[in-house]
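Owing to the predicted nature of the structure, the values given are computational and were not obtained by experimental measurement.
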Amino acid sequence: MLLSAFNLNLLRSLDVLIETRNLTTAAKVLGLTQSTLSRQLVQLREQTGDPLLIREGQRFLLTQKAEALRGPLKNILANMETLLDTPHFDPAQCARQFSICGSDYIADHMLPELVRNLASQAPQLRIVLRMWEPGHYRLLADEGVDLVPTIADMIPDNLYGRSLGEDKAVCVMRTNHPLAKNSKLSLQDYVDSPHISIAGGSDKNSLVDQALGRQGLKRDIRLNVPFYAAALKLLIDNDLLLTIPVHIAIALARNSAIVWQPLPFDVAPYRYWLLWHARNHHDPAHQWFRNQVVEVLNHSMYGVTKFNAISDDLIQPPR
């Protein structure tokens, strides 16, 4: 008999019938009516080509076929339960590789803290950090990326995320920039000055450019680089403007001769999320790892959550 022709839902009923050898008792164990179980026994007899249980007065006797099925059936059901059980996850035994997409800012300021936290809990775990390209959510679906901390407003289906809070954009310049002495940055000065832009990591540019575009204006972007480190060095050496989130400006200003001013126009806030694909949502190892990442992102002195109230609720971002 072909497996495809057999109703696998009846295996549990067959096991209980063989053990109890009593329709009434078996029906109670299975939570079925006796008539339902009687119909199932008819199906089992048809599909196995054997009566399985033979009535002998007030009792049933097992056929040789039923006796032969007894051991293998229990093994099959035990294997099925093992297959469906949620596996126990032990971080100390985890040798899995996790991939995070982010910017060099994440690599420089938050990855070291994450590695320190994981070293004692999961010493065999491996981490790969890749550069995130704004909007390339396919990396989560098809290319093995586990987590992306990013700015996002519209998130595709099949992604989950945890909110990390909001931030606003500011204009950064070196301390001896001609505009640094001004008490307030004008819109005209902002538009007329040469800018440097950071392409790597989250999309920090579209909200700013959209806000300017609504006024018929455009930035004069002279340099576009993928890394914060490169942008900062160029900024310190040249009279350029750089528009970045304020929490990053504060972090970079700790060790660099830069200042920042509010933007002279309204820009929607940056909304930060830690994102992962639905295929990993219920995986115990992934759940544990992303909780470790959230812990670092929420408490790092370099993160956005130090500057605003955050939500720990697990939700999908608005669409």
Side-chain angles (χ1 to χ4, degrees), residues 82-133 137 139-141 143-152 159-167 200-202 226-229 232 245 247-248 250-256 271-317:
T82 300
L83 180 66
L84 297 175
D85 277 348
T86 300
H88 171 70
F89 174 70
D90 181 4
Q93 302 300 318
C94 181
R96 181 165 160 180
Q97 176 175 293
F98 288 96
S99 176
I100 305 174
C101 268
S103 65
D104 63 316
Y105 180 82
I106 294 286
D108 289 343
H109 298 292
M110 283 174 270
L111 185 61
E113 184 176 349
L114 177 63
V115 171
R116 284 194 300 271
N117 289 356
L118 294 176
S120 60
Q121 301 181 66
Q124 301 180 68
L125 185 144
R126 293 167 291 154
I127 298 177
V128 173
L129 182 69
R130 300 171 57 178
M131 179 62 70
W132 173 240
E133 300 176 59
Y137 298 112
L139 295 176
L140 287 162
E143 298 192 23
V145 172
D146 292 286
L147 294 171
V148 175
T150 188
I151 296 169
L159 293 189
Y160 284 89
R162 187 176 295 231
S163 172
L164 300 174
E166 295 185 355
D167 199 1
S202 300
F227 307 121
Y228 277 93
L232 183 60
H247 81 275
I248 296 180
I250 292 172
L252 297 180
R254 291 191 182 107
N255 299 306
S256 302
R271 295 185 173 91
Y272 289 85
W273 299 90
L274 181 68
L275 302 176
W276 60 91
H277 198 271
R279 65 188 179 86
N280 290 318
H281 185 59
H282 298 286
D283 176 58
H286 196 279
Q287 290 175 348
W288 177 85
F289 179 69
R290 66 180 181 251
N291 285 337
Q292 303 305 307
V293 174
V294 167
E295 184 73 11
V296 170
L297 294 177
N298 277 350
H299 295 96
S300 172
M301 63 184 293
Y302 300 103
V304 64
T305 55
K306 282 293 183 182
F307 304 95
N308 55 80
I310 64 169
S311 170
D312 287 328
D313 294 333
L314 182 67
I315 58 174
Q316 283 192 308

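Taken to the nearest 0.5 Å, the CG atom of N280 stands 10.0 Å off from the CD atom of Q287. The structure places CG of L140 at 11.0 Å from CH2 of W276, a figure rounded to the nearest 0.5 Å. The CG atom of L297 lies 9.0 Å from the CD atom of E113; values are rounded to the nearest 0.5 Å. A distance of 11.0 Å separates CG of L147 from CZ of R162, quoted to the nearest 0.5 Å. Between L232 atom CG and N255 atom CG the span is 9.5 Å, to the nearest 0.5 Å. With rounding to the nearest 0.5 angstrom, the CZ atom of R279 is 7.5 Å from the NE2 atom of H286.
Although no hydrogens or angles enter the test, the distance criterion places a donor-acceptor pair under 3.5 Å between the side chain of W273 and the main chain of A152.
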### Task
Begin from the C-alpha positions of E295 and N291 and carry the test side chain to side chain contact (heavy atoms under 4.5 Å, CB included) through to its verdict.
CA-CA 6 Å; E295 184 73 11; N291 285 337; over 6 Å; no
### Pair V148-L139, side chain to side chain contact (heavy atoms under 4.5 Å, CB included): steps then yes or no
CA-CA 9 Å; V148 175; L139 295 176; over 6 Å; no
Distance-only donor-acceptor hits, side chain of residues 96-110, under 3.5 Å, sequence neighbours excluded:
{"unit_1": "R96", "atom_1": "NH1", "unit_2": "D283", "atom_2": "OD2", "d": "2.6"}
{"unit_1": "R96", "atom_1": "NH2", "unit_2": "D283", "atom_2": "OD2", "d": "3.3"}
{"unit_1": "S103", "atom_1": "OG", "unit_2": "Y105", "atom_2": "N", "d": "3.2"}
{"unit_1": "S103", "atom_1": "OG", "unit_2": "I106", "atom_2": "N", "d": "3.4"}
{"unit_1": "D104", "atom_1": "OD1", "unit_2": "Y228", "atom_2": "N", "d": "2.8"}
{"unit_1": "D104", "atom_1": "OD2", "unit_2": "Y228", "atom_2": "N", "d": "3.0"}
{"unit_1": "D104", "atom_1": "OD2", "unit_2": "A229", "atom_2": "N", "d": "2.9"}
{"unit_1": "Y105", "atom_1": "OH", "unit_2": "Y302", "atom_2": "O", "d": "2.7"}

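Checked against C94 for a side-chain contact (heavy atoms from CB on, under 4.5 Å), the options F289, W288, F89 give a single hit: F89.
Taking the six-membered ring for Trp and thresholds of 30 and 60 degrees, H281 and Y160 have nearly parallel ring planes, at less than 30 degrees apart.
P149 approaches S202 most closely through the heavy-atom pair O-OG, 3.9 Å.
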